[in-house]
Protein chains: 2
Amino acid sequence: MKPELTERQKLLLSLIVHEHTRSAQPVGSKTLVEQFTLPISSATIRNEMTVLTELGYLRQPHTSAGRVPTEEGYRFFVSNLTQQTTLPAPMRNTIAHQFYQAQQDLDGWLRLAASVLATQSQAASIVTAPHTEKVAFKHLELISTRAAQVLMVLVLVGGEIRQQILSLTDNTTQEDLSALAARINERCANCSIEQIISMDFILDPPGTQVIEAVRQQMRLSQQLVTGEIYLDGMTNVLAEPEFADTEQARSALSLLEERGKLDDLLSRTILGNEVGGVQVLIGGEGTWQELRQCSVILTRYGIPDQLTGTVGVLGPMRMPYGRTISTVRFVAGLLSDLVAENLIG
Amino acid sequence: MKPELTERQKLLLSLIVHEHTRSAQPVGSKTLVEQFTLPISSATIRNEMTVLTELGYLRQPHTSAGRVPTEEGYRFFVSNLTQQTTLPAPMRNTIAHQFYQAQQDLDGWLRLAASVLATQSQAASIVTAPHTEKVAFKHLELISTRAAQVLMVLVLVGGEIRQQILSLTDNTTQEDLSALAARINERCANCSIEQIISMDFILDPPGTQVIEAVRQQMRLSQQLVTGEIYLDGMTNVLAEPEFADTEQARSALSLLEERGKLDDLLSRTILGNEVGGVQVLIGGEGTWQELRQCSVILTRYGIPDQLTGTVGVLGPMRMPYGRTISTVRFVAGLLSDLVAENLIG
DNA sequence: TATTAGCACTCTCAAGCCGAGAGTGCTAAT
DNA sequence: ATTAGCACTCTCGGCTTGAGAGTGCTAATA
């Protein structure tokens, strides 16, 4: 195992990380002592830097350039050198204010959360709608649109709304549809998907068609790892100097655009982590080639084991971790409150 | 006014455009004659090129580089040299097949439309949900979630769904809510927003609260220029060589990300154009700085004056216009059919 | 009169070279 | 243990150069 770092080494590592996130450039011993007016000489710093480099926390892009933190360096920094900070109160208030004066609906909140995260962190943000693992029926509505066409709106416990257009084999009046919906609502209220699948319904043909659609929609919802995904601030990462080469940026952003890959990323991090903890994924951690230059900060929100979603940001590895982690955590907290206050039913 | 081009000049312009979209490089006289085995010499081509350059259709990046089409050149090409092509049948079938086997709901179709456009055109795609100018009430549903919390789901004519969480001042049972919804549904069926605003309702307190929310939601929907926006393929444009410099790409893509700017773009083109026609916006046309290097192809779909949306793509100015325009038109047609068959009510 | 061959000219681009500057590692002194 | 000093290494920007591509012009040709 690696030897414990001395306090001074920790300090230096921390300063290097800060200076590098500020300047986006390799930081040298002299710069360091000047920038922070350290009471030690650059030669001493050089010695310490050699140690940190040998331990794998720093890296030289080439001989006679300054040092740059490695993935491992960032990881050490994040786990040991960054204390739990809360966002400054004025900023908290600004954000909270935006939420409370926003429109009262889930879609608006999530959109806002993505937007706030993107602007605060100057990175790309990811927010998923809250989603239940145990899908349960809440309410069904059947709305006749034209001839035998019916718009079916299914509300699940937790507030997820699923809709589908049904083409019934027989024409049916709105009254009949409403009566049918009422019957199903009564019978199915708060039932889990398993219950509904195993239930026997004695209904006329349109009824069985509807039930089948309900079951199908619930199954689909069940299969979903995550709810709808809200993205914002993708262009922020294009502004970062490390992505002056488009190819890097393209591969990173394509991760967000391809639903499959994104689901993969979200689901793996979902599993590894309890609600409340913030997960920091630095440089793809060997698994995600596309993220070699990036870091992803994710956390869950909502009500554990009942109704949860994910919020997070994707930015360059050179990222103000302290501030960003706090922001993500804070937004997650806000969303948790909103979910708890409004969405359980 | 400009003199009419000779047939040979048109042919050359057309070939230059094609060759340039293929190679992404300035095209020279010699390349041209070799590539297409033309029965005239490179010297003749040079003479013609001089003419086309003087007319403003071509441009030299620098002395002794080949020629590149100007915005005007592309515009001429698109309006005069590109005949209405329909997509090859197998491709049409592939696309249509995807649509018909997709899930039967609007959200899925629009998502798919964006995805298809993005992959077919290798550019960024934009699809907006169909939206009515004359907002009208279709159906209301009130679902009790907890205590005095109510999930209100409002379906508008055309299938747009709006939801909101209401905190009623009094506790109300689900039965009361259902009765209330039923009464409102009966009274408001197919009413326009103006009618509903001017109606007098004699209802108990929760009722007035609900009506107020309904009015508000309808007003909000009314104000919207466009429905929900689906984007896809943004990373496609990053792959184009003209965006090797990130800054260009950033400004173009930020146009898609900022709802305000995007609405602006969509609304201006909506106004200038009847359904059925495809609008081609080349190089921002002086108005959009961000699009200096880009072209946007847009068209409307749906039912004119009733329920319309926009589909289109944003790509580099150097774009296979013929194919892309056909694809956009075809997808718009598909969506129009789907809307007509499923969404009018 | 329209086309073409030929040629001089221009300009970019990649490669190579050079010097300045930044930063290091080592050594010897404190 | 720290530091001053110094030689060494490497990048980066600027400069030059030669090759190559492409043009515009002129004079010859059909």
Side-chain angles (χ1 to χ4, degrees), chain A residues 3-13 15-17 19-20 22-70 73 241-242 244-245, chain B residues 3-13 15-17 19-20 22-70 73 241-242 244-245:
Chain A
E4 184 72 16
L5 294 189
T6 66
E7 283 309 310
R8 195 170 64 184
Q9 286 164 342
K10 290 184 188 171
L11 174 68
L12 283 178
L13 178 53
L15 292 181
I16 290 168
V17 168
E19 179 60 15
H20 179 62
R22 203 187 56 79
S23 69
Q25 302 240 325
V27 9
S29 54
K30 210 174 161 195
T31 325
L32 212 52
V33 62
E34 278 170 8
Q35 190 72 25
F36 299 99
T37 54
L38 296 177
I40 48 180
S41 83
S42 63
T44 314
I45 294 186
R46 281 202 286 285
N47 289 332
E48 296 287 39
M49 277 176 157
T50 323
V51 178
L52 289 171
T53 306
E54 277 161 3
L55 290 174
Y57 295 132
L58 295 180
R59 184 171 61 83
Q60 281 182 283
H62 51 83
T63 346
S64 135
R67 303 301 214 283
V68 166
T70 60
E242 35 268 88
D245 165 30
Chain B
E4 183 72 16
L5 293 189
T6 66
E7 283 308 310
R8 194 172 65 187
Q9 285 165 344
K10 290 184 188 170
L11 174 68
L12 284 178
L13 178 52
L15 291 181
I16 291 168
V17 167
E19 180 59 16
H20 179 63
R22 202 188 56 79
S23 70
Q25 301 237 324
V27 10
S29 53
K30 209 173 158 197
T31 325
L32 212 51
V33 61
E34 279 170 7
Q35 191 71 27
F36 299 99
T37 53
L38 296 178
I40 47 180
S41 82
S42 63
T44 313
I45 294 188
R46 281 203 286 284
N47 289 332
E48 297 285 40
M49 276 175 156
T50 323
V51 178
L52 289 171
T53 307
E54 277 162 4
L55 289 174
Y57 295 133
L58 295 179
R59 184 172 58 85
Q60 281 183 285
H62 50 82
T63 343
S64 138
R67 303 300 214 283
V68 166
T70 60
E242 35 268 88
D245 165 29

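To find a chain, count down the sequence lines: A is the first, B the second, and so on, and within it residues start at 1.
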Going by distance alone, is a donor N or O of one side chain under 3.5 Å from an acceptor N or O of the other, for A:Arg59 and A:Thr70?
no
Write down the distance between [atom1] ([X]) and [atom2] ([N]), rounded to a whole number of angstrom.
| X | N | atom1 | atom2 | result |
| --- | --- | --- | --- | --- |
| B:Arg46 | C:dT10 | CZ | C1' | 14 Å |
| A:Ile40 | D:dT3 | CD1 | C1' | 11 Å |
| A:Gln9 | D:dT2 | CD | P | 11 Å |
| B:Glu34 | D:dA21 | CD | C1' | 12 Å |
| B:Gln25 | C:dT12 | CD | C1' | 12 Å |
| A:Arg59 | C:dG23 | CZ | C1' | 16 Å |
| A:Leu32 | C:dA22 | CG | P | 16 Å |
| A:Leu38 | D:dT3 | CG | P | 11 Å |

If you compare every side-chain N and O of B:Thr50 against the phosphate oxygens of D:dG24 (OP1, OP2), does one of them come in below 4.0 Å?
yes
Is the phosphate of D:dT23 approached by B:Ser29 (side-chain N or O, under 4.0 Å from OP1 or OP2)?
yes
Quick check for you: among D:dT23, C:dT24, C:dT3, whose closest atom lies nearest to any side-chain atom of B:Met49?
D:dT23
Of the candidates C:dC11, C:dT24, D:dT11, the side chain of B:Thr63 sits closest to C:dC11
Give, for atom CG of B:Leu58 and atom CD of B:Glu48, the distance between the pair rounded to the nearest 0.5 Å.
11.0 Å
Before you tell me yes or no, could you show the steps for A:Leu32 and A:Met49 under side-chain contact (heavy atoms from CB on, under 4.5 Å), namely the whole-Å CA-CA distance, both residues' side-chain angles and the distance that decides it to 0.1 Å?
CA-CA 11 Å; A:Leu32 212 52; A:Met49 277 176 157; 4.2 Å; yes
Under 4.0 angstrom, heavy atoms only, what part of the nucleic acid is A:Ser42 near: base, sugar-phosphate, or nothing?
nothing
Between A:His20 and A:Gln25, is there a donor-acceptor pair closer than 3.5 Å when you use the side chain of the first and the backbone of the second?
yes
Toward the 5' end of DNA chain C, which comes first, A:Val27 or B:Thr44, by nearest nucleotide?
B:Thr44
If you pin A:Pro26 and A:Ala43 to their nearest nucleotides in DNA chain C, which one's is more 5'?
A:Pro26
Report the base-pairing partner of C:dT30 (Watson-Crick or G-U wobble, both distances below 3.5 angstrom), or none.
D:dA1
Applying a 3.5 Å limit to both distances, which nucleotide forms a Watson-Crick or G-U wobble pair with D:dC10?
C:dG21
What about A:Ser64: does its side chain form a donor-acceptor pair under 3.5 Å with the base of D:dT9?
yes
C:dG25 base to A:Arg67 side chain: any donor-acceptor pair below 3.5 Å?
no
State plainly whether the residues A:Glu19 and A:Arg67 are in salt-bridge range, i.e. N to O under 4.0 Å.
no
